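A short worksheet on the structure shown next.
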2 protein chains.
Amino acid sequence: MHVCEVFKMAVTIKDVAARAGVNPSTVSRVLAESPLISEETKEKVRMAIKELGYHPNAIARSLAMSSSRTIGLVISRPTEQAFANPFFPEVIRGIGTVLEREGYHLMLEMASDAESEGRTTLQMLKSRRVDGVILTSSRIGDSLISRLIGDDLPFVLIGRPIGKEYQEVDPVLWVDNDNVQVGYVATEHLILNGRKDIAMVDGPKDLVVSYDRLCGYRKAMHRYGREIREEFLINVPFTEEGGIQAAEHFIKSGRMPNAIFAADDSIALGAIMRLKEQGITVPDDVAVVGVNDSPIGRVARPSLTTMSVEIFDMGVRAAEMLIERINDRDTPSYHVVFPSELIVRESSTALKAE
Amino acid sequence: MHVCEVFKMAVTIKDVAARAGVNPSTVSRVLAESPLISEETKEKVRMAIKELGYHPNAIARSLAMSSSRTIGLVISRPTEQAFANPFFPEVIRGIGTVLEREGYHLMLEMASDAESEGRTTLQMLKSRRVDGVILTSSRIGDSLISRLIGDDLPFVLIGRPIGKEYQEVDPVLWVDNDNVQVGYVATEHLILNGRKDIAMVDGPKDLVVSYDRLCGYRKAMHRYGREIREEFLINVPFTEEGGIQAAEHFIKSGRMPNAIFAADDSIALGAIMRLKEQGITVPDDVAVVGVNDSPIGRVARPSLTTMSVEIFDMGVRAAEMLIERINDRDTPSYHVVFPSELIVRESSTALKAE
DNA sequence: CTGAAAGCGCTTACAG
DNA sequence: CTGAAAGCGCTTACAG
C-alpha cells in the first residue's frame, strides 16, 4: 500500500487521532506502549500512524516531559587541540555506544578556551537543550564545577577534579585513569633503563592531568633518589607542535636530557621529530616515553613507548554515570579509576647497562 | 548584587514578566531584540532577567518557532572506521566553526551500517530534532538521497552523489574534492616515477569515493598506455587493517606489484607495515601513495606520499550550504569541488631510471 | 480502557 | 509601543 504523502505540513498526533477515531491522548499512550490501552485500539492507532507516515515531534515531547534525552559534550579546542589529539574520537566512540543503547542523543560543542567552555556548558544546560554534560578537561580549581553543583545540574567529569589549593573538592561523579601512576610507571621505566637526566615535558599547567602526571614523575624520581632539575621540567600544549617546542627548548638551552617523559604521545612524537632533525638519535641519545597509546605511535619510527589509557572505556563509564544521575538526581557521587599499562617499544629501548 | 537563587523550579518568561510588570510577550520581544520595544521597558525587563537569573528555554522556543537551530551529522562507523580515520575530526572542526558563528548546534549520531545510517538520519529530521543534516558517506545509488529529496528535507552531502547505474542524480547540494583527479595524479606520479606494475588498493566498492578514485587510476593507466591487471585491483575498508589485508593478499598471491596507490593514508600505512614485516622495502621494492595527508603519514617511516584533501574546508562549506538551504528551502542546488595536491615524500621516491 | 483539559515555555499575529 | 490570546505538538493527572 502507498504511504500517504499528501500532507506536506507535518502530520501531528491530532491527525493520527482523527484518522483512528480516538483522542490524541490515546495516541500518545499507544506511542508510549502504555499497557492500559486495548490491543484493538493500539492496532487502529498503529494503522493510522502507518497510513499517515506519522513521526512524533521530539521537541514537543521534550517540552512536555522536560527532558531532551540529549547529553552534551564540550570540547575545548586549543587545550587539547581538539581532535588533533586522538583522545576525543575515542572518548566519543565510547560515549556514543552507551547513548545509542539508552536512546539518548549527543550534542557536541567546541569551545575556544576555558571561559567559553564554561559559558557554553552552562548555556546548554540552562536552556534545557541537554539533560546533562560530560566535561573533558578538568582544570585545577575550576569554578565551573562549583557552579554546576550549585545549580544542581547533572554532569560527570572525565578527569578528576581538584580545587584551587590542590585540595579535594566536593564529591562529584568522575572517571579517570590513575595519572599519578601513569607518571610514576613511565618515569620508573626510564630510570630502570639506565637513564640519568630525565626530563618531563608536561601539558598545560592548569590541567589536572598535567598536575597528576608530574606528581607521578616526582614520586618516581624521589623513590629512586634522583634529583629533579627545574630546567628539565617544561609545559607545552598537548600537540606535536608542543613537542617540537620542547625539543627546541632543550636544544637551545644546551642541556639535553637523555630521557624525556612526555605527558602525551603527540608531544612525544613532535619532540622526536625535532630531535631527529637535529641529528639526535632516539632512543640512543634520548629515550622517549609518551602517554595514550595512540595509533600513530605504533607506526612511527622509532615506534613509541607509551602508557595505555582506557579512553574508550572512560567514555562508556562516563556516559553511564551521567544517565544514572539524570534519571535520579539523588544518586550518590562516586568515581571510577582505570589502570594504565606500560607499553615498551623502540623509543625507550637500548642502553641499560648502568 | 546577589543573583536570586531561590527558585529551584526553573524561572520562566512569566516570572520575568511578573517581576518587570509587563506581559510575557513583551519579555519575548526584548529577548528577540525587537526594535518595537521602548528602551525603558527593555531596561526593566533586562533587570528582571538578571535578578531572576532567567535563561530562555531553547526547547520551548524550538517548538514555537519550529526550528531547533541544530544540524545533524551522522557518522557511519565501520565504513570509515569512524574516528580512527582522521577525516571525521577534521570535518567536524570545519563544521563546528561555522555553527559557532551562526549560532547553530551540532547533533552527532553514530550508525553501524548504511541501513542504520538511513534510519537515524530520517529519524533525526522527522522528529524535528535537527533542521538539516550533513551526510558524509556517499554510496552509489543511495536510496536515502531520494527519500530526503522526496520529503523535502534539508541536507548536504560531503561526497558527490551518483545513481545506481552510475548516472548523475537529481541536483542536490554537495561538496567534494575531485577524486578522479586524486586518483589520476597519484597514479601518474607512480608511473612517472618509473614503476611498472601499479596496484590500486581501493576502499569499499559501494562508496562513491572509491569509484571515483579508481576511475582516476584507470584514466592515468590508459593515458600512459599501461595495462590494468585485475589481480592488482582490490577493495578493503578505509583502515590500517584494510591495508594489512591488501599487503597480505599480494604476498600470498605471489604477484607483488612494485607500486601501490592506496585510496587512503590509513590503508597505505597498514600496507607498508605488513610489507616491512615481510622484508619488502618501501619505496625501493614497492612505492606507496595514499590520500588525505593525515598527520600520521608525516611522521611515519618512510614518510608517506599522499594527496592533500581540504577536509576542514569541505566541512566549512558544507555547513554553510546547509544553513543557507535551511533558511531558504528554495535556493537552487549546486556543488563545490576542492582541488587536491600531490605531496611527495619518502614512500614513493627512489627509482626513476626508466 | 478512554476522553477532555490543562500544561510544558515559548512566539506571533491581531488589536489597540 | 504593549497586551491578550492562540498556537507550536506533545504528555499526564483527573474523571469516568
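Since the model is a prediction, treat every value here as computed from it, not as a measurement. Here is how names work: the chains are called A, B, and so on, in the same order as the sequence lines, proteins then strands, and each is numbered from 1. Note: hydrogens, waters and symmetry copies are ignored here, and every other heavy atom, side chains too, is used.
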Among the nucleotides C:dT12, C:dG9, D:dT12, whichever has the atom closest to the side chain of B:N57 is C:dG9
Between D:dT2 and B:T41, is there an OP1 or OP2 to side-chain N/O distance shorter than 4.0 Å? yes
Has the side chain of A:S34 got a donor or acceptor atom that lies under 3.5 Å from a matching backbone atom of A:R29? no
With a cut-off of less than 4.0 Å, is there a side-chain N or O of A:N23 near OP1 or OP2 of C:dT2? no
Any donor-acceptor pair under 3.5 Å from B:R325 side chain to B:T331 backbone: yes
D:dC8 C1' sits how many Å from A:I13 CD1, rounded? 13 Å
Nearest-angstrom distance from the residue atom CD of A:E40 to P of C:dT2: 8 Å
Going by distance alone, is a donor N or O of one side chain under 3.5 Å from an acceptor N or O of the other, for A:T121 and A:R147? no
Send over the distance from A:L63 CG to D:dG7 C1', rounded to a whole Å. 12 Å
Counting only side-chain heavy atoms from C-beta out, which of D:dT12, C:dG7, D:dC8 sits nearest to A:R29? D:dT12
One pair to check against salt bridge (Lys or Arg N to Asp or Glu O under 4.0 Å): A:D206 and A:R139. What are the steps and the verdict? CA-CA 5 Å; A:D206 58 330; A:R139 291 188 177 74; 3.3 Å; yes
Paired with D:dC1: which nucleotide, if any, by Watson-Crick or G-U wobble criteria at under 3.5 Å for both distances? C:dG16
To the nearest Å, give me how far apart CG (A:D15) and P (D:dG7) are. 15 Å
Between atom CG in B:L31 and atom P in C:dG9, what is the gap in whole Å? 15 Å
Does D:dG3 have OP1 or OP2 sitting under 4.0 Å from an N or O in the side chain of B:T26? yes
Would you say C:dC8 has OP1 or OP2 under 4.0 Å from some side-chain N or O of A:S66? no
Side-chain atoms of B:S38 come closest, of C:dT2, D:dC10, D:dT2, to D:dT2
Distance-only side-chain donor-acceptor flag, B:R61 / B:S67, under 3.5 Å: no
Can you tell me how far P of D:dC8 sits from CZ of A:R61, to the nearest Å? 18 Å
Side-chain contact check for B:S25: nearest option of D:dA4, D:dG9, C:dC10 is D:dA4
When rounded to whole Å, the CG to P distance for the pair A:L36 and D:dA13 reads 12 Å
Taking atom types as modelled and ignoring hydrogens, do the side chains of B:T41 and B:S38 form a donor-acceptor contact shorter than 3.5 angstrom? yes
Starting at NZ of A:K14 and ending at P of D:dC8, how long is that distance when rounded to a whole Å? 6 Å
Between D:dT11, D:dG3, C:dT11, which nucleotide has the shortest distance from any of its atoms to the side chain of B:A64? C:dT11
Just to confirm, is there a sub-4.0 Å distance from OP1 or OP2 of C:dG9 to any side-chain nitrogen or oxygen of B:T12? no
With nearest nucleotides of DNA chain C determined for A:P24 and B:A32 from heavy-atom distances, which residue corresponds to the more 5′ nucleotide? A:P24
On DNA chain D, check which nucleotide each of B:I37 and B:M65 is closest to and give me the residue with the more 5' one. B:I37
